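The sequence lines fix the lettering, A, B, ..., with proteins before strands; numbering per chain opens at 1. This structure is a prediction, so every number in the text was calculated from the model and none was measured.
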There are 2 protein chains.
Amino acid sequence: MLNFAPKPRRNAAETRERLLMATVQLMLRQGYAATTVDDICREAGLTKGSFFHHFENKEAIGKATIQWWGAFGTALYAEAWKEEGRDPLEQLRHFFGIMIGFTEREDQVCTCIVGMMSQELAQSHPAMREECARQLELWTTNCARMLAAAKAKHAPDADFDPEAVAWYLNSLWQGSMLVGKTEQNSALIRSNLRMALAWVEGLLSIS
Amino acid sequence: MLNFAPKPRRNAAETRERLLMATVQLMLRQGYAATTVDDICREAGLTKGSFFHHFENKEAIGKATIQWWGAFGTALYAEAWKEEGRDPLEQLRHFFGIMIGFTEREDQVCTCIVGMMSQELAQSHPAMREECARQLELWTTNCARMLAAAKAKHAPDADFDPEAVAWYLNSLWQGSMLVGKTEQNSALIRSNLRMALAWVEGLLSIS
DNA sequence: TTTAACATACGAACCGGTTGGTATCTTATT
DNA sequence: AATAAGATACCAACCGGTTCGTATGTTAAA
């Protein structure tokens, strides 16, 4: 049944979302410390009263930002493993394809909020570090699962630890975004990803 | 002959050095934005007047900090290639050994100021980004030189581009420090470095 | 009419940076 | 060698603006 009630001028969930998206955009550019609450309110077209109604403090929206980014990423990557019966090696190739796709978006710098917050806050803000660690672990778990399945199917005797390789790939991915951003060269990131995929395929070919 | 003259109360070079070292320590922990000029002065035991006598502004000491870190790193790595006649593959192994050693320092988190500043400032502070890019390029140039020499000697027909591999290794190294710091796990970094070295050795064995 | 959702106004602490001044070191002149 | 002149090194106090956060409204929805 259609809802003919006029759209409420106030919508708590939507307002919260606007504050959060503004924060994502800003922190993706300037990091945590350089992004002020005033910045966020201006970007969202709201006032401080509204901000502190929805978030207890700056740290709270920081954590929410990390979590939002994690969910955003997981949804993106999930394409790779959603088809259950698929060959895990094909899933891995798709996984790399998604990352390469992420470097090719128009007018969008290839960077990661989790990586940025990690660098900035890991040593000075334990709660934020833990939040980042959780997201990194999620990525690694998903990656390791595909690696383990691919190993079981294609090279059960191969001498590598799927989890260790997953951490390796996570590190390479994070570092590639970091270096690619600094060198303003996204082709560099793709080059790294291709080499890493070739390496993984090599690991899996010793059957 | 001993110098009984009282140590001069003022020593410009030493004062500048104290400010710089204080900045290195602080920014290595909290990054650029979260480190205030007052923090630096307190840590160095000096006042703001002195600070702004030696550095034009905060950005200036930021740049100096990146450069200091670059020189510090280069001095550390130079051990790997200082013996001219040495087998370049051995130099590469030594190079990896130096990085592994860097992860094993007691009570010192394995992190890199250039990587931290890159993440925080690459998109919002062009001058600082360029400074970081220069340091990354220095590392890569040195690494690529060893790779090229090793290739020429051991596997001239191998199908890899030394510079691309050097960027790959730089990315892996930066990403490993990032992830290792966030996961509070320096063994993870060493595991990554060992896998990368084995990969490089593999690249060089197709003679 | 009650309550949730927002706005306005404000405050204490802090930010990078400047000021005016003093102490000390260097150098040219005698 | 003594000293005067000037440059350098450093300090304490201060400045306008900004920070996060709060106290107190006001308005819309239930």
Side-chain angles (χ1 to χ4, degrees), chain A residues 3-24 26-27 29-66 117 120-121 124-125 127-128, chain B residues 3-24 26-27 29-66 117 120-121 124-128 131:
Chain A
N3 177 12
F4 287 105
K7 189 178 177 188
R9 286 196 43 250
R10 299 180 172 201
N11 185 326
E14 196 182 282
T15 299
R16 203 192 118 99
E17 182 78 0
R18 279 189 30 216
L19 287 164
L20 191 55
M21 296 314 293
T23 309
V24 169
L26 289 166
M27 293 195 178
R29 261 193 66 81
Q30 0 175 22
Y32 180 80
T35 299
T36 72
V37 174
D38 283 314
D39 283 344
I40 297 168
C41 294
R42 200 177 316 120
E43 179 83 12
L46 293 160
T47 61
K48 283 246 267 283
S50 189
F51 179 93
F52 284 103
H53 177 73
H54 289 283
F55 295 95
E56 195 189 339
N57 49 32
K58 187 181 170 183
E59 179 184 326
I61 205 170
K63 284 190 198 174
T65 298
I66 295 171
M117 299 255 196
E120 197 179 343
L121 304 170
S124 53
H125 205 315
M128 217 70 93
Chain B
N3 177 13
F4 288 104
K7 193 177 177 190
R9 290 218 326 54
R10 312 188 321 169
N11 184 328
E14 196 181 283
T15 300
R16 205 192 118 99
E17 182 79 0
R18 287 210 356 238
L19 287 164
L20 191 55
M21 297 313 293
T23 309
V24 169
L26 288 167
M27 293 196 178
R29 260 191 68 82
Q30 357 175 19
Y32 181 79
T35 300
T36 71
V37 174
D38 282 315
D39 282 344
I40 297 168
C41 294
R42 199 178 316 119
E43 180 81 12
L46 292 160
T47 61
K48 283 245 270 280
S50 188
F51 178 94
F52 284 101
H53 176 75
H54 288 283
F55 296 94
E56 195 188 339
N57 48 32
K58 188 182 170 182
E59 179 184 327
I61 206 171
K63 285 189 197 173
T65 298
I66 295 170
M117 300 254 196
E120 197 179 344
L121 305 170
S124 54
H125 205 314
M128 216 72 94
E131 204 60 54

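Set against C:dA4, D:dG21, C:dG17, the side chain of A:H53 has C:dA4 as its closest nucleotide. Of the listed nucleotides (C:dG16, D:dT19, C:dA4), D:dT19 has the atom at the smallest distance from the side chain of A:D38. Among the nucleotides C:dC6, D:dC10, C:dG17, the one closest to any side-chain atom of A:T15 is C:dC6. Listed candidates were D:dA9, D:dT22, C:dC6. Nearest to the side chain of B:A12 is D:dA9. Proximity note for A:S50 (side chain, C-beta onward) versus C:dG16, D:dC11, C:dA7: the nearest is C:dA7.
In this structure, the CZ atom of B:F55 is 15 Å from the P atom of C:dG16, given to the nearest Å. Between the CD atom of A:E17 and the P atom of C:dC6 there is a distance of 13 Å, given to the nearest Å. Atom pair B:F51:CZ and C:dC15:P shows a separation of 13 Å (rounding to whole Å applied). Rounded to an integer number of Å, the gap from NE2 of A:H125 to C1' of D:dC20 is 13 Å. Between the CZ atom of A:F52 and the P atom of D:dA23 there is a distance of 12 Å, rounded to whole Å. Look at CG on B:N11: it is 16 Å from P on D:dT8, rounded to the nearest Å. Here the P atom of nucleotide C:dA13 and the CG atom of A:N57 are 19 Å apart, to the nearest Å. The CD-P distance, from A:E14 to C:dA5, rounds to 13 Å in whole Å.
Using a 4.5 Å heavy-atom cutoff, the side chains of A:D39 and A:R42 are in contact. Using a 4.5 Å heavy-atom cutoff, the side chains of A:T65 and A:Y32 are not in contact. In this structure, the side chains of A:T15 and A:H53 stay at 4.5 Å or more apart for every pair of heavy atoms.
In this model, the phosphate group of C:dA4 is not approached by any side-chain N or O of A:H54 to a distance below 4.0 Å at OP1 or OP2. Within the 4.0 Å cut-off from OP1 or OP2 of C:dG17, not a single side-chain nitrogen or oxygen of B:K48 is found.
Heavy-atom distances to DNA chain D give each of A:V37 and A:G49 a nearest nucleotide, and the one nearer the 5′ end belongs to A:V37.
Distance alone, capped at 3.5 Å, places no donor-acceptor pair between the B:E120 side chain and the A:G31 backbone. Side-chain atoms of B:K58 come within 3.5 Å of backbone atoms of B:T35 as a donor-acceptor pair (strictly under, hydrogens ignored).
Within 4.0 Å (heavy atoms only), B:T47 reaches at least one base atom of the nucleic acid.
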